[in-house]
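These notes concern the structure reproduced below.
The basis for the numbers below is simple: all heavy atoms, side chains too, and nothing from hydrogens, waters or symmetry mates. In the text below, chain A, chain B and the rest are named by the order of the sequence lines, each starting its count at 1.
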Amino acid sequence: MRYAEVVRAGHGVESIRGFFLATPADKSYLAELNAQQRAATTFGDGALLIIAGAGTGKTKTLVSRLAYLIDSGVSPDAILLLTFTRRAAAEMLSRATHLCEPGATGKVWGGTFHAIANRLLRTYGRPAGITSDFTVMDQADAADMMNLIRSDLGLNKKGKRFPKKETLLKAYSMTVNAQTKLTEIVDKHFPWCKKSQDGMKEVFGSYVKRKREHNVLDYDDLLLFWRSLCETEGVGPQVADRFEHILVDEYQDTNAIQAQILLGMRQAYKNITVVGDDAQSIYSFRAATIRNILDFSQQFAGAKVITLEQNYRSTIPILDASNAVMEYAKERYTKELWSQRKSEQKPVLMTCVDESDQSRAVCEAIIEHLEMGTPLSSQAVLFRAGHHSAALEIELAKRNIPFHKYGGLKFVEAAHIKDMLAFLRVLENPYDQISWFRVLQLLEGIGPKSAQRLMSELGVRRNLSLREEIVSPESGEEIEVSSPLKCLFDDPPAAPAAAKEQYSNLRQALADCQGVILPKRRKESNSTGSETNVSADGEPTSSITDRLDLPAQLDRLRAFYEPIFEEVYSNAFVRVRDIEQLQEIAGKYKSRQKFITDLTLDPPVSTSDLAGPSLSEEDFLVLSTIHSAKGCEWDVVHVIHVADGDIPLDMSLGDDEGLEEERRLFYVSLTRAKNTLYIYFPFRHYHRGRSMSDGHSYVQLTRFLPEEMRHLFAVECSPDMVEDDSLAGDSATIDRVDERLNKLWE
DNA sequence: CATTTATAAATTTTT
DNA sequence: TTTATAAATG
């Protein structure tokens, strides 16, 4: 605990300690571990499964093991560390750095499965059928592609009901990741799509084909091709044997393919360490399965299992409440968490009138703890869905309480950022259909139809039957026949009249980025354009100079884009700031490809990631979805909207498994707290739109806290609750105001 | 007539 | 902030 606090306090403190007190290989960190943790840390060769309950020092153990391996002479670049987020990998590596030889962990391969897959496929992908210049589609891109195919196949006709793009993608992804027949998946998770199954099969078939035609991979492809890479003769063992040791965090949230990848990655070397807790498995919507943990000992023969049960994080009352929630779980795997942290303070169950009352109560509790010495950064507010924090955010802003929100809508999901990235992706991969589609439709006068026509005339779709001619049989090098960009520069297809000027500006902007000097055109198309470059002797084809560097490309694209988006978006001012932030991030990159890929695989999770170090010094509160709070801990935790319907979320109660996962989710939220835990229950719920009698209804406390469990909590009421119910007065006021208004047009 | 643009409705969790 | 439907435009 002490240790964790020092690390949280910042790198400065730790590095001083590391520099003066610890000689590189004294392994003094072993003394800070308990018996189980030490056994796990110093485990020798072979397979190891660490079952680590919440707050049992899982990360500490993994970090120690990492340091221990390096101290024992394992070469850092022969260690692969797979984590759930990039943040987790970076934090572990930085912590390990302070335990062993400084700088040594820099060479460790650390990242998410997807990020590592990307890295491996760029280098070794060719034998698996991947050219190294692919771009990665994020979820929205993949959904857009589903949508394009749906309309191409005429399945979006009026009157015909057909699953929408998100549903299509979800069903596809679930099928692929769970390695299960589509019919089964549809029966179980998408029963309302049963009638559309034939259409779905058709869409999925073209989806797979189209990804190849446009040289793009989706998230699932990264895993699938990594797996196939392992199975490829020659390269497979080469890739696998790079890594003497593999360490995997959050194993309860991996899926079947990821387990198969790990199997494939263990050929000559058999060393693998996985850490997980079945009680915290909350990603089944991504096809994660606890079978991976349960079957580990069979898949990796003779695996040793070590269980960590002492919780160092939470006080006994908090742990009692959390454990009670899990008591009711259908399936439990024997593990008794215990703590030595005594406390008189039970978790607080705070009943509030409604959401705004809840927001006030949260703010007041936060300020109270702040004044008692708990900084904002040691407090967090957790919720089930991104929009649950909307009212609170307004209240926090009103009171000038700084906060950063994790989860929910992300920076890269903002329309204007996606636009900017689409420009870059078109430049990086001229066959990227989704990006072209987006870019072209930005131009006034171009809608879906014209965009489709232009794309087909540009040749955005690669004909895979010509593929053998594209790749030279001898060198294996790709021979560029005629890329859509070249077509745009040399012989642009005509755009609709209304789009002429912007079209020509776009062409110029893209050409400038690539360092292409456009050929001089006949006066008709030249009259409106802003072409300042003149090619030598009016040659019919374009010529090439040096390509602009990444920041300059962004400047150039912004110059083209800004006038357009000021037209399209209302609050352009805020958006310009975002684009500036994007440029700031880009400043750290030399390679355009790496920049684009990093943004899709490890998108900034909150605005805090974007701000410079000066801002991160500031004390701020954390707002987070429960999913994003995985692996984190705070002194004081506030869980809001603990009403049935929100936790468990109505929408996810399709089956029993759904309910069980919601229970684990609630468990995860409770176990984030170290010293103090608040649970807020607003019992009145307003709904706009449908005018049900008086616009609100009453909801129940979450079913995960039944009556017999209440004694584990200190039950309190918000100040508003104590006062008389003011509803009657309120509606009277409203009536009076309405009456006055009505007089105005009587 | 085919497309584009304006309007209204609805929104889980994430690599 | 996106997406299905209606109105408007060339």
Side-chain angles (χ1 to χ4, degrees), chain A residues 82-89 111-118 136-140 142-144 147 150-151 156-159 161-162 164-166 169-170 173 177 217-223 250 253-255 257-258 281-288 382-388 390 406-410 412-418 441 443-453 496-499 567-571 575 597-603 605 624-630 641 645-654 658 661-662 664-665 668-669 687-690:
Chain A
L82 291 161
T83 56
F84 202 70
T85 62
R86 152 181 268 194
R87 224 179 351 147
T112 61
F113 273 88
H114 294 87
I116 299 293
N118 170 66
V136 181
M137 292 198 289
D138 66 11
Q139 192 181 10
D144 285 346
N147 207 34
R150 189 174 68 156
S151 57
N156 61 340
K157 293 267 165 60
K158 249 206 305 204
R161 291 194 129 257
F162 195 74
K164 53 182 196 176
K165 59 181 189 179
E166 285 84 6
L169 183 65
K170 262 184 225 160
S173 186
N177 281 302
L217 300 186
D218 62 18
Y219 286 141
D220 300 333
D221 286 332
L222 288 169
L223 300 183
E250 310 281 10
D253 285 320
T254 54
N255 63 35
I257 299 185
Q258 288 166 319
S281 169
I282 53 176
Y283 278 85
S284 71
F285 66 91
R286 265 167 57 179
L382 306 183
F383 35 85
R384 174 65 179 84
H387 65 263
H388 282 165
Y406 294 86
L409 205 86
K410 275 181 248 137
V412 284
E413 282 161 15
H416 46 292
I417 299 300
K418 285 212 279 196
Q441 284 185 101
L443 310 182
E444 213 175 296
I446 296 184
K449 291 290 171 188
S450 310
Q452 291 263 29
R453 178 183 60 80
E567 286 281 318
V568 176
Y569 301 115
S570 50
N571 50 348
R575 290 161 187 272
T597 310
D598 272 14
L599 275 180
T600 16
L601 292 182
D602 301 295
V605 281
S624 173
T625 58
I626 300 174
H627 282 94
S628 298
K630 188 166 80 158
H641 282 288
D646 291 334
I647 300 179
L649 195 66
D650 275 336
M651 203 162 282
S652 52
L653 291 183
E661 176 142 322
E662 294 290 307
R664 293 193 292 266
L665 212 35
V668 168
S669 73
H687 23 71
R688 30 169 212 181
R690 281 183 206 90

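- Helical stems involving DNA chain B, defined as 3 or more consecutive Watson-Crick or G-U pairs under 3.5 Å, span B:1-10 with C:1-10.
- In this structure, A:Leu649 and A:His114 both approach DNA chain B, and ranking their closest nucleotides by distance from the 5' end singles out A:Leu649.
- Looking at heavy atoms from C-beta onward, A:Ser652 lies out of side-chain contact with A:Glu661 at the 4.5 angstrom threshold.
- Remark: P of B:dT13 and CG of A:Asp253 are 16 Å apart, rounded to the nearest angstrom.
- Residues passing the side-chain contact (heavy atoms from CB on, under 4.5 Å) test with A:Ala143, sequence neighbours excluded: A:Lys165, A:Leu169.
- Note on A:Leu601: only backbone sugar-phosphate atoms sit closer than 4.0 angstrom, heavy atoms only; bases stay farther off.
- Spacing between atom CD of A:Glu166 and atom C1' of C:dT2 amounts to 8 Å, rounded to whole angstrom units.
- Minimum heavy-atom separation, A:Leu601 to A:His114: CD1-O, 3.9 Å.
- Positionally, the nearest nucleotide of DNA chain B for A:Lys170 lies more toward the 5' end than for the other of A:Thr600 and A:Lys170.
- In this structure, the CD1 atom of A:Ile257 is 17 Å from the P atom of B:dT15, given to the nearest Å.
- Atoms CZ (A:Arg384) and C1' (B:dT13) sit 5 Å apart, rounded to a whole Å.
- The pair A:Arg286-A:Asp253 does not count as a salt bridge, with every side-chain nitrogen at least 4.0 angstrom from each carboxylate oxygen.
- Nucleic acid contact class of A:Lys630 (heavy atoms, under 4.0 Å, all strands): none.
- Using a 4.0 Å cut-off, some side-chain N or O of A:Thr625 falls inside it from OP1 or OP2 of B:dT14.
- The distance between atom NZ of A:Lys164 and atom P of B:dA9, rounded to the nearest whole Å, is 15 Å.
- No side-chain heavy atom of A:Leu82 sits less than 4.5 Å from a side-chain heavy atom of A:Thr254.
- Rounded to whole angstrom, the span from the CE atom of A:Met651 across to the P atom of B:dT11 amounts to 6 Å.
- Distances from the side chain of A:Ser628 to the nucleotides C:dT2, B:dT14, B:dT15 place B:dT14 closest.
- Taking a 6.0 Å sphere around CD of A:Glu444, one finds it holds 12 or fewer heavy atoms contributed by other residues, nucleotides or ligands.
- Looking at A:Lys630 and A:Tyr283, their side chains come closer than 4.5 Å, going by heavy atoms from C-beta outward.
- Enclosure of atom NZ in A:Lys164 is not indicated, since only 12 or fewer non-hydrogen atoms of other residues, nucleotides or ligands lie within 6.0 angstrom.
- With centroids closer than 5.5 Å and planes inclined by less than 30 degrees as the test, A:Phe285 and the base of B:dT13 pass as a stacked pair.
- Atom CG in A:Leu653 sits about 14 Å away from atom P in B:dT12, given to the nearest Å.
- Taking CZ of A:Arg453 as the reference point, atom CD1 of A:Ile446 lies at 8.0 Å (rounded to 0.5 Å).
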Enumerate all atom pairs, one protein N or O and one N or O from nucleotides 3-5 of chain B, separated by less than 3.5 Å.
unit_1: B:dT4; atom_1: OP1; unit_2: A:Gly447; atom_2: N; d: 2.7
unit_1: B:dT4; atom_1: OP1; unit_2: A:Ser450; atom_2: N; d: 3.4
unit_1: B:dT4; atom_1: OP1; unit_2: A:Ser450; atom_2: OG; d: 2.4
unit_1: B:dT4; atom_1: OP2; unit_2: A:Pro448; atom_2: N; d: 3.4
unit_1: B:dT4; atom_1: OP2; unit_2: A:Lys449; atom_2: N; d: 3.3
unit_1: B:dT4; atom_1: O5'; unit_2: A:Gly447; atom_2: N; d: 3.4
unit_1: B:dT5; atom_1: OP1; unit_2: A:Gly445; atom_2: N; d: 3.1

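- Counting any heavy atom pair closer than 4.0 Å across all strands shown, A:Phe113 reaches no nucleic acid atom.
- Using a 4.5 Å heavy-atom cutoff, the side chains of A:Ile647 and A:His641 are not in contact.
- Contact annotation: side chain of A:Arg286 to base of B:dT13, donor-acceptor pair absent below 3.5 Å.
- Rounded to whole Å, atom P of B:dT14 lies 17 Å from atom CG of A:Asn255.
- Across all strands shown, A:Glu661 has no heavy atoms under 4.0 Å from either base or sugar-phosphate atoms.
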